[in-house]
Amino acid sequence: MYIKDLSKFENQLVTLKGWVANKRESKGLVFIVLRDGTGLCQCVADANNIDESYFNDARKTTLETSISITGKVIKDEKQIGGYEIAITELELIQVATDYPIAKKEHGVEFLMDHRHLWLRSQRQWAIMRIRNTITFAIHKFFQQEGFIQMDAPLFTGNAVEGTSTLFETDFYGDPAYLSQSGQLYGEAMAMAHNKIYTFGPTFRAEKSKTRRHLSEFWMIEPEMAFHDIFDNMDLIERFLRAVVLDVLANNKPELAMIERDISILENITKPFPRLTYDEAVKIIKGEVDVNNKNAIVSLEEELTSVVNRISEVEAEIKEREDKIKVPGMKKGEIGFNQAKIDKLKHELNELEEQSRNIPQWLSSARNFEYGNDFGGSDETVLTRLFDVPIMVYNWPHEVKAFYLKRDPENSKFARGVDTLAPEGYGEIVGGGERETDLDLLIGKINEHGLPMEAFEWYLDLRRYGSVPHAGFGLGLERLVAWVCKLPHVRETIPFPRMYGRLKP
RNA sequence: UCCUCGAUAGCUCAGCUGGUUAGAGCGAGUGACUGUUAAUCACUAGGUCCCUGGUUCGAGCCCAGGUCGGGGAGCCA
């Protein structure tokens with residue numbers, strides 16, 4: 001019996017097992033908000049209606065105490081979930097003392113140190129449900145499209161691109177690296193099964209401390225024989241649309257819990273703009289407007305509004321602090337104002353960080369040098385202007401991976417494509433058409449200073465029945481972060497591993 | 001690796017140009033309250049002011065070096 005099914009048991013006696021998510025009590029009444037992993041439900045112990053021992057046990061409950069409750073299901077529109085339980089029996093399973101996570105603002109470090117408990121809170125619960133939908137939707141999409149799921153090894157002897165970002169391990173006395181992409185293996189598997197996808201963990205030892213980076217993250221890498229870059233873009237677009245529509249179909253309540261603006265997700269049915277690198281650069285530099293917006297001007301406006309908001313917030317904090325100081329205010333009202341002040345101070349810290357970052361981003365966009373790869377801030381500047389994901393293709397070949405196909409129409413470019421999520425999120429997909437020319441590939445491997453013997457097996461794919469093929473890699477956490485509009489990817493995975501974070 | 005912000009009670013934060021005994025709210029504990037949805041009231045217990053050194057009659061506050069954390073750059077999904 002689970003809380004999510006209560007509607008089928010109106011006016012019946014049910015038994016629920018779960019944890020105390022919240023509790024309020026007065027003399028003859030105890031209100032327990034029970035959490036059972038499927039939902040929340042208020043349960044009421046009324047001293048007049050139940051045995052004294054049950055009532056006393058109800059009073060003993062604390063935050064996150066585990067209990068079993070039996071009671072009658074009563075419809076009550078005012079309650080979360082629309083139902084309430086009138087308790088008739090209550091069994092304490094384990095009484096928790098001093099649960100660390102309180103119903104108030106906490107700092108990031110504290111919450112991360114208590115990630116094992118933080119996962120129980122409502123917001124995190126909702127995010128994990130959405131992640132689950134996305135994971136399932138990804139498998140569903142590819143399976144329906146006739147893809148075979150195959151897994152690339154996690155231990156690898158050679159680096160795809162450089163070694164500075166690899167975690168080294170000991171493999172029976174030899175160095176081995178944790179995989180940072182299954183890409184090359186994916187190509188081999190596609191030659192055997194035509195269309196395949198991998199879905200597994202990926203490791204990158206980048207000492208990055210930004211909202212977009214994890215050291216361990218989950219990547220989905222499809223690879224398709226007989227696909228060119230345009231087929232690839234068609235697939236990316238269909239794929240992301242299917243996944244987001246699945247979330248909209250299954251997770252409206254969760255999206256509401258985290259206060260996600262659904263209208264932007266609903267735009268997913270619109271076609272994704274496809275820009276060449278050249279076009280995207282013009283937009284970033286503010287030389288071309290898009291959707292009646294100019295990248296530079298709108299960022300300048302953003303900066304102004306951040307500055308204005310800072311003075312607003314400062315004024316409100318001061319006002320509330322002065323209010324509290326006046327003698328005679330009721331204790332509860334002081335507490336209420338103090339909680340508001342806490343929240344405003346957190347907002348103020350974030351705004352001040354933005355006011356330091358935006359000028360840097362502005363100068364980076366203004367001074368963007370044609371031919372460079374996009375940085376994180378460039379992607380932010382660009383994607384703030386859109387309300388659907390965009391695809392940027394035909395990149396200068398020097399800045400992209402060695403295995404990307406040179407554009408036959410202009411050898412300056414490589415047929416890579418990045419998909420950038422809107423609202424400033426940036427890259428969630430990177431991919432492209434693969435180089436099939438054996439000599440060009442050998443040249444690129446030498447150019448990058450990579451050990452040729454490690455790539456012999458890969459070159460075999462060009463020697464024996466080489467065909468045009470393409471694929472891409474999607475970062476699961478980045479997709480979840482955008483769908484949920486989270487400020488940081490660390491909340492999209494149960495136990496994040498990142499620079500400076502290996503526990504819990 | 002670089003830039004930038006920070007570290008004070010279990011938590012979130014005040015703490016003035018350096019000045020006696022370091023504060024608030026929340027949380028916790030005790031008692032009072034018959035329906036609450038972070039707003040009832042009273043009382044109680046909570047501190048190595050991150051570490052090391054320096055300046056000073058005097059350092060939570062100033063200086064130097066470190067440690068840890070937030071944000072960003074580079075790199076990337």
Side-chain angles (χ1 to χ4, degrees), chain A residues 22-33 42 44 46-48 62-63 76 78-80 84 97-114 161-162 164-165 180-181 183 202 204-214 217-221 317 321 324-325 329-346 348-350 352-361 364 372-380 399 401 418-421 425-431 472-479 481 487-490 499-501:
Chain A
N22 201 355
K23 182 187 150 190
R24 290 171 287 271
E25 68 183 300
S26 54
K27 184 155 188 190
L29 287 166
V30 179
F31 301 93
I32 292 169
V33 176
Q42 175 164 282
V44 186
D46 185 334
N48 295 329
T62 57
L63 223 53
D76 183 350
K78 280 191 301 186
Q79 300 305 330
I80 315 164
E84 183 177 89
T97 48
D98 298 333
Y99 185 68
I101 299 181
K103 294 175 290 175
K104 74 188 294 276
E105 291 284 307
H106 288 290
V108 175
E109 193 182 0
F110 178 81
L111 289 171
M112 290 295 288
D113 284 342
H114 295 85
E161 303 157 66
S164 60
T165 60
Q180 58 175 2
S181 169
Q183 149 84 50
T202 302
R204 300 216 178 146
E206 295 160 349
K207 289 183 178 171
S208 299
K209 284 167 46 172
T210 80
R211 70 184 68 196
R212 306 181 299 282
H213 286 88
L214 292 170
F217 64 96
W218 287 71
M219 191 151 67
I220 295 87
E221 293 181 287
I317 289 173
E321 277 176 343
I324 287 176
K325 280 181 200 145
M329 182 183 272
K330 280 215 261 175
K331 213 160 174 278
E333 206 176 341
I334 290 174
F336 177 74
N337 275 295
Q338 191 62 50
K340 280 267 194 263
I341 290 170
D342 282 2
K343 228 174 206 166
L344 289 167
K345 279 186 177 160
H346 278 223
L348 191 60
N349 280 338
E350 273 163 36
E352 280 170 348
E353 249 151 25
Q354 283 181 47
S355 74
R356 281 190 292 266
N357 286 334
I358 292 176
Q360 288 178 29
W361 296 354
S364 158
N372 285 350
D373 204 351
F374 293 172
S377 68
D378 303 315
E379 290 176 3
T380 301
V399 302
D418 283 0
T419 305
L420 312 180
Y425 271 83
E427 185 169 3
I428 51 174
V429 170
F472 62 89
L474 167 88
L476 178 64
E477 287 75 18
R478 286 191 181 175
L479 177 61
H488 199 296
V489 289
R490 66 180 154 230
Y499 186 53
R501 170 67 57 184

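Just so we're on the same page: letters track the sequence lines, and every chain starts at 1. Keep in mind it's a predicted model, so treat the numbers as computed, not measured.
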Which value, in whole Å, describes the distance between the C1' atoms of nucleotides G74(B) and U37(B)? 48 Å

Between Glu321(A) and Lys345(A) (salt bridge meaning N to carboxylate O under 4.0 Å), is one present in this structure? yes

Between CD1 of Ile341(A) and CZ of Phe336(A), what distance do you get to the nearest 0.5 Å? 11.0 Å

A77(B) P sits how many Å from His488(A) NE2, rounded? 18 Å

Rounded to the nearest 0.5 Å, what separates atom CD in Glu333(A) from atom CD1 in Ile324(A)? 9.5 Å

Under 4.0 angstrom between His213(A) side-chain N/O and G74(B) OP1 or OP2: no

On RNA chain B, more 5' by nearest nucleotide between Thr210(A) and Lys330(A) is Lys330(A)

Taking all non-hydrogen atoms of both residues, which atom of Asp76(A) and which atom of Glu84(A) are closest, and how far apart? OD2-OE2, 4.0 Å

Nucleotide A38(B), atom P - distance to CG of Asn337(A) in whole Å: 16 Å

Can you tell me which nucleotide in G72(B), G71(B), U12(B) comes closest to the side chain of Phe110(A)? U12(B)

Identify the nucleotide, in any strand shown, that forms a Watson-Crick or G-U wobble pair with A45(B), with both distances under 3.5 Å; if there is none, say none. none

Classify the nucleic acid contact of Leu214(A) as base, sugar-phosphate or nothing, counting any heavy atom under 4.0 Å across all strands shown. base

Within this structure, what is the NE2-CG distance for the pair His346(A) and Leu348(A), rounded to the nearest 0.5 Å? 11.0 Å

Taking syn as any angle within 90 degrees of 0 and anti as the rest, which one fits G27(B)? anti

Spacing between Lys104(A) atom NZ and C13(B) atom C1', to the nearest angstrom: 8 Å

Measure the CG-OG1 distance between Leu420(A) and Thr380(A) for me, rounded to the nearest 0.5 Å. 9.5 Å

NZ (Lys343(A)) with more than 12 external heavy atoms under 6.0 Å: no

Nucleotide of A73(B), U1(B), U4(B) approaching Lys207(A) most closely (side-chain heavy atoms): U1(B)

Sort me out a list of protein N/O and nucleotides 65-69 of chain B N/O pairs below 3.5 Å, or just none if empty.
residue, atom, partner, partner atom, Å
G69(B), OP1, Gly500(A), O, 2.9

Residues Thr165(A) and Gln180(A): side-chain donor-acceptor under 3.5 angstrom: yes

Fit a plane to each ring of Phe110(A) and His106(A), take the angle between them on a 0 to 90° scale, and name the class: parallel (under 30°), tilted (30 to 60°) or perpendicular (over 60°). parallel

Using atom P of each nucleotide, how far apart are U36(B) and G25(B) to the nearest Å? 25 Å

Tell me what Val429(A) touches on the nucleic acid: a base, only sugar-phosphate, or nothing, going by heavy atoms under 4.0 Å. sugar-phosphate

Identify all pairs in which a protein N or O lies below 3.5 Å from an N or O of nucleotides 30-35 of chain B, and state each distance.
residue, atom, partner, partner atom, Å
C33(B), OP1, Lys27(A), NZ, 3.0
U34(B), N3, Asn48(A), ND2, 3.4
U34(B), O4, Asn48(A), ND2, 3.1
G35(B), N1, Glu84(A), OE1, 3.4
G35(B), N2, Glu84(A), OE1, 3.2
G35(B), N2, Glu84(A), OE2, 2.7

If the P atom of A38(B) is compared with that of U34(B), how far apart are they to the nearest Å? 22 Å

Pick the C1' atom in A32(B) and in G71(B), then give their distance to the nearest Å. 48 Å

Opposite nucleotide pairing with C33(B), Watson-Crick or G-U, both atom distances under 3.5 Å: none

Does atom OH of Tyr499(A) have more than 12 heavy-atom neighbours, drawn from other residues, nucleotides or ligands, at distances under 6.0 Å? no

Re C75(B): Watson-Crick or G-U wobble partner, both distances kept under 3.5 Å, found to be none

Taking any heavy-atom pair under 4.0 Å as a contact, classify Asp98(A): base, sugar-phosphate, or nothing. sugar-phosphate

Considering only atom C1', compute the distance from C13(B) to G29(B) and round it to an integer number of Å. 23 Å

Stacking between Phe336(A) and the base of A38(B) (centre distance under 5.5 Å, interplanar angle under 30°)? no

Which pair of non-hydrogen atoms, one from Tyr425(A) and one from Pro487(A), has the smallest distance, and what is that distance? OH-N, 4.3 Å

For a quick check of understanding: with a heavy-atom distance under 4.0 Å over all strands, which category does Trp218(A) fall into, base, sugar-phosphate or nothing? nothing

Taking any heavy-atom pair under 4.0 Å as a contact, classify Arg212(A): base, sugar-phosphate, or nothing. base

Applying the Watson-Crick and G-U wobble criteria at under 3.5 Å, what pairs with A7(B)? Answer none if nothing qualifies. U67(B)

Can you check the Lys331(A) NZ to C26(B) C1' distance for me, whole Å? 9 Å

Does A24(B) pair with anything, Watson-Crick or G-U wobble, both distances under 3.5 Å, and if so, with which nucleotide? U12(B)

note: Leu348(A), atom CG; C5(B), atom P; distance rounded to Å ~ 15 Å

What's the CG-C1' distance between Leu63(A) and C26(B), to the nearest Å? 13 Å

What is the distance from NZ of Lys103(A) to P of U37(B), rounded to the nearest Å? 10 Å

Closest to side chain of Glu427(A), choosing from G70(B), U12(B), A77(B): A77(B)

May I ask you to evaluate whether Arg356(A) reaches the phosphate of G72(B), defined as a side-chain N or O under 4.0 Å from OP1 or OP2? no

In whole Å, measure the gap between the P atoms of A24(B) and U67(B) for me. 36 Å

Ser377(A) near the nucleic acid: base, sugar-phosphate alone, or nothing, with a heavy-atom cut-off under 4.0 Å? sugar-phosphate

Give me the distance, rounded to whole Å, that separates C26(B) from G19(B) when you measure between the C1' atoms they each carry. 31 Å

Looking at Arg478(A), is its backbone amide N or carbonyl O close enough to the side chain of Arg212(A) to form a donor-acceptor pair, meaning the two atoms are under 3.5 Å apart? no

Tell me the interatomic distance from Gln338(A), atom CD, to C13(B), atom P, rounded to whole angstroms. 11 Å

Side chain of Asn357(A) only, please: which of A14(B), G72(B), G70(B) is the nearest? G72(B)

Any N or O donor-acceptor pair under 3.5 Å from the base of G70(B) to the side chain of Glu353(A)? yes

Reported CD1-to-CG distance for the pair Ile428(A) and Leu476(A), which is rounded to 0.5 angstrom: 10.5 Å

How far does the C1' atom of C51(B) sit from the matching atom of G6(B), given to the nearest Å? 16 Å

By the Watson-Crick or G-U definition, both distances under 3.5 Å, A59(B) is matched with none

Both Phe217(A) and Thr380(A) contact RNA chain B. Taking the nearest nucleotide for each, which residue is further toward the 5' end? Thr380(A)

Contact class for Gly376(A) vs. all strands (heavy atom < 4.0 Å): base, sugar-phosphate, or nothing? base

